[in-house]
Amino acid sequence: YDSDLEREVVGETNGNFKRLTISLLQGNRHEEKEVDLVLAKEDAIELFNAGINRFGTDESKFNSILVTRSYRHLKAVFAEYKVTAGEDIEKSIKTEMTGELELGFLSIVKKIKNTATYFAEELYRSMKGLGTDDDQLIRVIVWRSELDLVEIKGAFSSLYGKGLDEYIKEDTSGDFKQLLLAIVQ
């Protein structure tokens, strides 16, 4: 595209969502295999104190933890958070944040908690209602086709009571439909 992605993001976003997006682009997520349960509990308490346990929200604390900690660590943080806060981290994010920032943090949490369910929801969202978000549908199916599409199809069926292929047959047509079905089946 002959342009710098980070510079484009800076120009197209603002506020805390810009900080979240830039943080994700920098790719500073730790990937250690061991989970430090003491640190996970500390992180859960920090998130609790940065959100529902205070007036206003410290979005930067959510950003620093959700963007830099490993997926395994964050799964432990989410479990500890539920014990500490008495509610799921997703509910707290929905209560404390709005707009693109809320969607960004929820996407991170949902993907970490259950990748197959997250992408099943994304596929459903791309096809529900009038019209189809072809770009999103293609992006998810092609990207996940050799990674975990089988698991995503199972999650899709469980969530929506019909197979992904059935939704594709109903929502698309022509060569596009045939191509998607060939990948999905």
Side-chain angles (χ1 to χ4, degrees), residues 9 13-128 136 139-140 143-144 147-164:
V9 167
T13 60
N14 57 51
N16 289 315
F17 182 67
K18 180 194 302 188
R19 282 188 275 287
L20 171 62
T21 308
I22 296 299
S23 298
L24 288 167
L25 284 174
Q26 291 172 346
N28 292 324
R29 186 173 301 283
H30 303 190
E31 290 305 330
E32 59 273 341
K33 302 225 184 294
E34 299 294 317
V35 174
D36 180 344
L37 295 176
V38 173
L39 181 59
K41 186 172 184 103
E42 289 172 7
D43 283 348
I45 292 168
E46 284 193 45
L47 289 171
F48 176 67
N49 289 333
I52 64 171
N53 197 36
R54 65 178 278 172
F55 183 74
T57 305
D58 180 359
E59 292 90 352
S60 66
K61 184 54 67 181
F62 278 81
N63 191 37
S64 69
I65 292 172
L66 295 179
V67 171
T68 62
R69 301 291 198 240
S70 74
Y71 283 14
R72 287 183 176 150
H73 178 82
L74 286 171
K75 285 182 180 188
V77 170
F78 300 156
E80 286 292 336
Y81 185 88
K82 191 165 189 164
V83 171
T84 301
E87 67 183 37
D88 192 89
I89 186 81
E90 290 174 71
K91 183 176 181 190
S92 295
I93 290 170
K94 289 176 186 175
T95 301
E96 293 295 314
M97 298 174 198
T98 60
E100 292 175 327
L101 186 64
E102 175 188 356
L103 293 175
F105 283 134
L106 285 175
S107 293
I108 291 169
V109 169
K110 286 179 176 184
K111 183 179 182 302
I112 291 168
K113 281 181 152 188
N114 189 319
T115 302
T117 298
Y118 170 75
F119 284 112
E121 290 172 351
E122 289 297 306
L123 287 168
Y124 178 77
R125 198 173 1 270
S126 74
M127 293 184 284
K128 77 175 190 176
Q136 180 69 351
R139 186 178 305 113
V140 173
W143 177 28
R144 306 312 293 189
L147 298 172
D148 54 4
L149 192 57
V150 171
E151 291 86 2
I152 293 168
K153 287 168 37 179
F156 192 96
S157 294
S158 294
L159 287 169
Y160 304 110
K162 286 195 318 192
L164 177 58

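Heavy-atom basis, side chains included; hydrogens, waters and symmetry copies ignored. The structure presented is a predicted model; accordingly, all values stated were derived computationally and were not measured.
In this structure a side-chain-to-backbone donor-acceptor pair under 3.5 Å is missing from Ser157 to Gly154.
In this structure, Ile89 CD1 and Lys82 NZ are separated by 11.5 Å, a value rounded to the nearest 0.5 Å. Here the CG-CG distance, from Leu24 to Leu20, works out to 4.5 Å after rounding to the nearest 0.5 Å. Put simply, CD on Glu90 and CG on Leu106 are 6.0 Å apart, with the number rounded to the nearest 0.5 Å. Atoms OG1 and CG, on Thr68 and Leu74 in that order, are 7.5 Å from each other to the nearest 0.5 Å. Between Ile152 atom CD1 and Leu147 atom CG the span is 8.0 Å, to the nearest 0.5 Å. Between atom CD of residue Glu100 and atom CG of residue Leu103 there is a gap of 7.5 Å, rounded to the nearest 0.5 Å.
Partners of Ser23 by side-chain contact (heavy atoms from CB on, under 4.5 Å), not counting sequence neighbours, listed by chain and number: Asn63, Val67. Residues passing the side-chain contact (heavy atoms from CB on, under 4.5 Å) test with Ala40 are His73, Ala76, Val77, sequence neighbours excluded. For Lys94, there are no salt bridge (Lys or Arg N to Asp or Glu O under 4.0 Å) partners two or more places apart in sequence or in a different chain. For Arg19, the salt bridge (Lys or Arg N to Asp or Glu O under 4.0 Å) criterion is met by no residue, not counting sequence neighbours. Taking Arg54 as the reference, Asp58 meet the side-chain contact (heavy atoms from CB on, under 4.5 Å) condition, with sequence neighbours excluded. With sequence neighbours left out, the side-chain contact (heavy atoms from CB on, under 4.5 Å) criterion links Glu151 to Ala116, Asp148. Partners of Glu96 by salt bridge (Lys or Arg N to Asp or Glu O under 4.0 Å), not counting sequence neighbours: none found. Under the side-chain hydrogen bond (donor to acceptor under 3.5 Å, both in side chains) criterion, Glu87 pairs with Ser92, sequence neighbours left out. Residues passing the salt bridge (Lys or Arg N to Asp or Glu O under 4.0 Å) test with Asp88, sequence neighbours excluded: Lys113.
With a 4.5 Å cut-off on side-chain heavy atoms, Phe62 and Asn16 do not count as touching. For the pair Lys110 and Thr117, the minimum side-chain heavy-atom distance is 4.5 Å or more.
More than 12 heavy atoms of other residues, nucleotides or ligands sit less than 6.0 Å from atom NZ of Lys162.
Annotation for Gly51 and Thr57: closest pair CA-CG2, 4.4 Å, computed over non-hydrogen atoms. The shortest non-hydrogen separation linking Phe105 to Leu66 is CD2-CD1, 3.5 Å.
Legend: salt bridge (Lys or Arg N to Asp or Glu O under 4.0 Å) pairs involving residues 26-42, not counting sequence neighbours, sorted by first then second residue: Lys41-Glu80. Sorted by first and then second residue, the ring-ring contact (aromatic ring centres under 6.0 Å, His included) pairs involving residues 106-128 (not counting sequence neighbours) are Phe119-Trp143, Tyr124-Tyr160, Tyr124-Tyr167. For residues 63-74, the pairs satisfying salt bridge (Lys or Arg N to Asp or Glu O under 4.0 Å) are Asp43-Arg69, with sequence neighbours left out.
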